[in-house]
Amino acid sequence: MPPASTGASTTVGASTSPSPLQLTPGAAGYRRMSFALFAAGVATFALLYSTQALLPLISADLGATASAASWTVSAATGALALFVLPLSALSERFGRTRMMTVSLAIAVAVGLLVPFAPNVGWLVALRAVQGAAIAGLPASAMAYLAEEVKPKALVAAIGLFVAGNSIGGMSGRILTGWVAQAWGWRAALLSVGALAAVCAVAFRLLLPKARNFTPGSLNPRALAGTVRGHLADPLLVRLYAIGALFMTVFGAVYTVIGYRLTAAPFNLPQGLIGSIFLVYLVGTVSSAAAGKLVARVGRRGALYLAVSTTAAGLLLSLASSLPAILAGLVLITAGFFAGHAVASSSVSHTAKHGRAQASALYQSAYYLGSSAGGTLGAVAFHAAGWPATVLLGILAVLGVVSVTLYGSHAARAERRTHRLHLVHARH
């Protein structure tokens, strides 16, 4: 699918017929491109969530509360949410390759500085800069793929990039957990910075030169008009809300779970807590199965199933048994990823123009939900323990149900209005 305009004065890299210069599976350039963007995905998402598994250690070492330490995650995701739209527009003028290279270089450079932050304030500030830098990569990568890859191979190419994202997010947490157990949280963050640096070098050496990008002059008025149009679409706004609410649950649970499991009666070591993020593999399966689920029960039915699964996991996690808590995390993760897959894919299906902006707005809502969930979940845990964090998650789940029910009601009302217009037209 060609990228939609992002406020540039010309249509960038998109045409109704495929370019003969576009890459196809089996070609050397396609393989290099796939490995390059896989490496970029690993680097960016390992960096983005690098502190999440380390929050109990950061709190203990820097004398910070759970809510204060949680800002080391929320600041990064919040900055990404704020900068993803403007940086995606800048890529229309300066190029996808340049934007991705600069973003990744800055994020890695800051990542190598983060371990030396003297206090929580500096740590949060550096993480915010890092999140803003990372924001330049996701939308630019999607646009690069749409321009440089044959349409029939686009889904597979995007799948590899997303796989890099999930593996980066998971491996970063696992790596930091085990390194921190041996040498402390600063060494753990340094190890993630080193991993990201290696991935960034591989990305730059492997990425083929863009051959189908045409720069355009920025048109802020056109960009603002497109954004206003999306925000005036009730269905898109509901999808943005659903993405944000699902991510509120996920951000709260995974920001706080480390504090719960390091304390009595579990007293788990940091390495095992990092390894808990292997549960993400369940999410990879559930998100891949979301398409078949929608085909069988419809979009709203799939959302209700995702909500029910998430809510069941939250309630199960209240148990004092470690196996029950792990089973709860499995259900929460499966439900979240399925719901996210349904909502995000529905955005591209719903938007009839400016799909790049529609997706960027979804990402903004999604990461704002992550920031809110991480911060509010930690505040709730600090005030009243894990049950309070679960209550926050249940409220967010009920929000998804409310939005979905309202959407069903609005769709029925629209169909009734349409039928009445047809009746009046006949008479």
Exercise. Give the intermediate values and the outcome of side chain to side chain contact (heavy atoms under 4.5 Å, CB included) for residues Phe45 and Met170.
Key: CA-CA 8 Å; Phe45 280 80; Met170 180 183 70; over 6 Å; no
So, for Phe250 and Phe337, is the gap between ring centers shorter than 6.0 Å?
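Yes - the distance between ring centres of Phe250 and Phe337 falls below the 6.0 Å cut-off.
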**Report entry** Nearest heavy-atom neighbours spanning Arg173 and Tyr49
**Finding:**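 Where Arg173 meets Tyr49 most closely, the heavy atoms are NH2-CG, 3.0 Å.
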Notebook entry, point to check: Which atom pair, heavy atoms only, marks the closest approach of Tyr362 to Gly243?
Noted result: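 Closest approach of Tyr362 to Gly243, heavy atoms only: OH-CA, 3.6 Å.
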Please determine, by modelled atom types, if [X] and [Y] share a side-chain donor-acceptor pair under 3.5 angstrom.
X      : Y      : value
Ser59  : Tyr259 : yes
Trp386 : Ser317 : yes
Trp71  : Ser371 : no

If I take atom [atom1] from residue [X] and atom [atom2] from residue [Y], how far apart are they, to the nearest 0.5 angstrom?
X      : Y      : atom1 : atom2 : result
Thr44  : Phe203 : OG1   : CZ    : 10.0 Å
Phe266 : Ile273 : CZ    : CD1   : 11.0 Å
Leu54  : Asp61  : CG    : CG    : 11.0 Å
Gln130 : Thr77  : CD    : OG1   : 11.5 Å
Arg238 : Ser346 : CZ    : OG    : 11.5 Å

Worksheet item: Around Arg186, counting heavy atoms of other residues, nucleotides and ligands shown, do more than 12 lie under 6.0 Å from its CZ?
Response: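 It does: Arg186 CZ has more than 12 such atoms within range.
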Quick one: sort the Phe246 and Phe336 rings into parallel, tilted or perpendicular, breaks at 30° and 60°.
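Geometry flag for Phe336 against Phe246: perpendicular rings.
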Is the ring pair Tyr280/Phe277 parallel, tilted or perpendicular, if the boundaries are 30 and 60 degrees?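 Judged by the thresholds at 30° and 60°, the geometry between Tyr280 and Phe277 is perpendicular.
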Are any non-hydrogen side-chain atoms of Leu236 and Leu231 less than 4.5 angstrom apart?
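Not touching, per the 4.5 Å side-chain cut-off.
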Determine all donor-acceptor pairs shorter than 3.5 Å in which one atom belongs to a side chain in residues 387-399; sequence neighbours excluded.
from: Thr389; atom 1: OG1; to: Gly377; atom 2: O; distance (Å): 3.2

